[in-house]
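Written below as structure tokens is the structure these notes are about.
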Amino acid sequence: MARALRYLGQAAVYLLIAILLGIFSDSPAYLAFPRDQALIKLSLVHSAQRKVPCRKLSAEELAELAPNMRKPMSCSRERLPLWLEVRLDDRLLFSKSLPPAGLSKDGPARVYHRIPVAPGRHSLSLKMRDSARTEGYDYQLDMEVELEALQNLVVDFRPESGGFILR
Amino acid sequence: MTLGIKGGMRTGFLWIEDWLDRAFGPAWNPLYHLGALGFFYYWIVAASGIYVYILFDTGTTEAYDSIEYMTVEQWYLGGVMRSLHRYASDGMVLMMVVHMLREFALDRYRGNRWFTWFTGVPVFWLVIASGITGYWLVWDKLAQYLALATTEWFDWLPIFGQPIARNFLAPSLLDDRFFTLLTFMHIAVPLILLLVLWIHLQRVSRSRIHPARGLALGTFAMLLALSLFKPAVSQGPADLARIPAEVGLDWFYLAGYPLMDIWSKGALWAFTATLTLIVAVLPWLPPLRRVPAAVVDLKNCNGCTRCTEDCPFNAVSMQPRTDGLPFEWEAAVNASHCVACGICAGACPTSTPFRRASDLVPGIDLPDRSLRQLRDQLEQAAAALSGKARVVVFGCDHGVAPRDLALPGVAALSLPCIGALPPSFIDYVLSRDLADGVFITGCRKGECYQRFGQRWTEDRLARRRDPYLRARVPRERIGTFWAAPTNRRRLVQAVESFAAGLGAPPPAPGGPERPVGAPEASTEEAAAHG
């Protein structure tokens, strides 16, 4: 009788552990993103133009350099900050100056930003300035987008492909 | 505040252990095998993982498909293996967390035990990292959520040239080779974990990495039944074009993920780093009062190795003789490992209170609590005893406090561990008629604070381990009862019952004979159910 009770007690403990493992291995479910929203994800990496433009060295300047160091152009390392602006239906969603990466500020500017938006048809406007200009934009894309709930619209940037890319 | 929390946790653990003792017995009590169970789960995870790996295909769509195949088509083997892989992993986290909490509650992490605690902290994170990389491999909606959330969290650190989360922007950007890399990580991290576990156990001798067979069988049967009853399943294929809204989190591994949505990434890093740091430095918050380590007296050490054999913390080693005496070895104490439990002194054959011609200086002893002091205390306490059944109780600092045994005719003495009691002291008490009986107590059966004190004591009394209790000592005048501090009432009953038995007439010739050195079964049984 005592032995049966002991086995019963052991079974109860194993059952309790099994319930713990069984339940908490995948529940309760976690709502990671609202079901009635879509997402615009800004994710781009791009180097703005150099802060000081490259300059062609004169023959005298080249002669002063060691033979193995004679590159015709002299370029500063530091890059300009990138200006990025995102509007949805004329509503400003993102507007920021993105600094170049690196201790010498010679790396690309980068952004990774999530913007939940309501699903539906929207006019999306993307603008970027990667030069020293203060008026206008170097890249611009205006288009209509149809977003479904839970859709993930990625805004990327590839200058070799002409600028902004929507994925 | 901390003491209050720790005290409450300690009482809670002792109470649960008490109940588990009734169901499992001390040999199978899961709380006494938490580390060993963690190891056991690790091997189940490894074995089931090898099978899952055979069927697993690395590729953006192949990964999910291959896991679906083993879950659905081959549910009877592949599905069970996958489920065992998951549930044993969860069990590992459960055992690990309870193990940490229990070591904290029982104050077994400070002083020279800091090393084992400290190296346990990376073990925790390596286990969690192993689990997360495993969940990525499934490449279902949960994996997608984890991949994005984890990489976004890591991108907060200014160490990556490009955000690593950009790898998951679109299906076309995800390369099959990424899964090869992930598979490598999912194998490499657990292997590193094994290495750190080996380091974790460096300061404990005879570490118990295998649970009792019955417990192992029971826990495996439980995992198998759970795998059949509720198989682990995927949560739909990952689709980077859509956001996974609701995910079924494995809360054993992923409980921290919702914090990413509540706090900023930086705040979560700060929280994680602070929590890790606090847990890592807990052994010094506050530090344990330093007790001087055991010291060797070479004039009395013949290099017999018993102290080395019995030390629970690898603090005593043997080295070539340095004093010119004609012995090959001498004992040497590593003070940074020694917890001053005194088990080495209890094992030393020179630790005999009968010595009168020379002073009682064993080959190895504790400077603060020497055996000479113990003999003086014993003689003083015994001299005050009177009555028909005088009992000397030897207990330990971690069981029931000796002051709680203030019974008439009973003198209680406390040692740092019951293993510090040389068997010759029992002989000394009875042969010198200092008392009519000797009662031995200590931590609860199967769970010695100093790891082996209770086990070595039982073996010495039963003449299974050197130094033996001399055969001439009448076993019927020795009682034992192992009790946690919360079992005071039962211990008192056991001592009273033992004392009452001392006055009873001796058993009739031909009656049942108790094995030499075996505990007083009647006393213990009666008290255990009292």
Side-chain angles (χ1 to χ4, degrees), chain A residues 2-3 5-46 101-103 107-114 116 147-157 165-167, chain B residues 19-20 22-25 28 30 86-91 94 141-142 145 148-149 152 155 158 160-163 165-166 169-173 214-215 218-219 221-223 225-226 229-230 232-233 235 239-255 257-258 260-261 529:
Chain A
R3 178 175 287 195
L5 277 176
R6 283 185 58 174
Y7 285 136
L8 203 64
Q10 290 178 25
V13 172
Y14 285 131
L15 183 67
L16 182 70
I17 298 173
I19 289 172
L20 266 178
L21 296 179
I23 290 179
F24 291 110
S25 67
D26 61 1
S27 56
Y30 173 65
L31 188 65
F33 192 79
R35 288 192 190 84
D36 59 349
Q37 296 272 287
L39 185 72
I40 294 177
K41 190 182 288 178
L42 296 179
S43 175
L44 53 91
V45 178
H46 176 57
L103 294 174
R110 56 185 230 182
V111 64
Y112 185 93
H113 188 69
R114 291 157 54 102
L147 294 174
E148 294 174 19
L150 299 180
Q151 184 178 340
N152 181 28
L153 179 73
V154 176
V155 175
D156 200 352
F157 184 84
I165 300 173
L166 297 186
R167 299 182 191 272
Chain B
W19 280 98
L20 290 179
R22 290 166 200 239
F24 288 86
W28 289 9
R86 173 184 290 187
Y87 292 131
S89 305
D90 287 339
L94 185 65
K141 285 190 167 56
L142 174 63
Y145 164 75
L148 264 301
E152 284 171 9
D155 280 334
F160 300 105
Q162 288 203 17
R166 281 175 57 80
L169 284 185
S172 58
L173 297 178
L215 182 62
T219 195
M222 178 266 292
L223 290 176
L226 179 59
F229 181 74
K230 189 182 179 231
V233 292
Q235 300 183 25
D239 178 6
L240 291 173
R242 296 185 66 76
I243 305 292
E246 193 173 88
V247 285
L249 288 187
D250 180 337
W251 293 89
F252 293 98
Y253 280 92
L254 313 171
Y257 277 78
M260 293 186 193
D261 295 329
H529 301 290

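Lettering follows sequence order; numbering is per chain, from 1. Note that the structure is predicted; figures quoted are calculated from it, not measured.
- Both the backbone and the side chain of Ala18(A) come within less than 4.5 Å of a heavy atom in chain B.
- Proximity to chain A (any heavy atom under 4.5 Å) is restricted, for Ala170(B), to the side chain, taken from C-beta onward.
- Of the possible donor and acceptor atoms, none in the side chain of Trp28(B) sits under 3.5 Å from a partner among the backbone N and O of Gln10(A).
- To the nearest 0.5 Å, the span separating CG on Leu150(A) from CD1 on Ile243(B) amounts to 7.5 Å.
- Put simply, the side chain of Phe33(A) does not reach to within 4.5 Å of the side chain of Pro244(B), judged on heavy atoms.
- Residues Leu249(B) and Asp26(A) are not in side-chain contact: their nearest non-hydrogen atoms beyond the backbone lie 4.5 Å or more apart.
- Contact annotation: the side chain of Phe252(B) approaches that of Phe24(A) to within less than 4.5 Å [non-hydrogen atoms, C-beta and beyond].
- Taking both residues in full, the closest heavy atoms of Val247(B) and Ala32(A) are given as CG2-CB, 4.4 Å, listed atom of the first, atom of the second, then distance.
- The candidate from Leu173(B), Val233(B), Leu142(B) with the greatest count of non-hydrogen atom pairs under 4.5 Å with chain A is Leu173(B).
- Interface check for chain A: of the options Pro158(B), Ala23(B), Ala149(B), the most heavy-atom pairs under 4.5 Å are formed by Ala23(B).
- For Tyr14(A) and Phe24(B), the distance between ring centers is under 6.0 angstrom.
- Between Pro108(A) and Gln162(B) the shortest side-chain heavy-atom distance does not fall below 4.5 Å.
- Under a 3.5 Å cut-off, the side chain of Arg166(B) and the backbone N or O of Ser43(A) do form a donor-acceptor pair.
- Between Leu223(B) and Leu21(A), the closest side-chain pair of non-hydrogen atoms falls below 4.5 Å.
- Only the side chain of Leu94(B) comes within contact range of chain A, judged by heavy atoms closer than 4.5 Å.
- A heavy-atom distance below 4.5 Å is not found between the side chains of Leu240(B) and Arg167(A).
- For chain B, the option among Ala38(A), Pro34(A), Gly22(A), Ala101(A) with the highest count of heavy-atom pairs below 4.5 Å is Gly22(A).
- Ser89(B) does not touch chain A: none of its heavy atoms, backbone or side chain, sits under 4.5 Å away.
- Here the shortest heavy-atom pairing between Asp90(B) and Ser25(A) reads OD2-CB, 3.1 Å.
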Given the rule in the side chain to side chain contact (heavy atoms under 4.5 Å, CB included) test, do Ile19(A) and Lys230(B) qualify, once you have shown the distances and angles that lead to the verdict?
-> CA-CA 10 Å; Ile19(A) 289 172; Lys230(B) 189 182 179 231; over 6 Å; no

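- A heavy-atom distance below 4.5 Å is found between the side chains of Arg242(B) and Glu148(A).
- The part of Val13(A) that comes within reach of chain B is its side chain, from C-beta onward, which places non-hydrogen atoms under 4.5 angstrom from that chain.
- The shortest heavy-atom contact between Ala245(B) and Arg35(A) is CB-CG, 3.9 Å.
- Neither the backbone nor the side chain of Ala12(A) comes within less than 4.5 Å of any heavy atom in chain B.
- When side chains are defined from C-beta on, Pro28(A) counts as touching Trp251(B), because their heavy atoms get closer than 4.5 Å.
- Only the side chain of Tyr145(B) comes within contact range of chain A, with heavy atoms under 4.5 Å apart.
- The closest donor-acceptor contact from the side chain of Glu246(B) to the backbone of Leu31(A) lies at 3.5 Å or more, if one exists at all.
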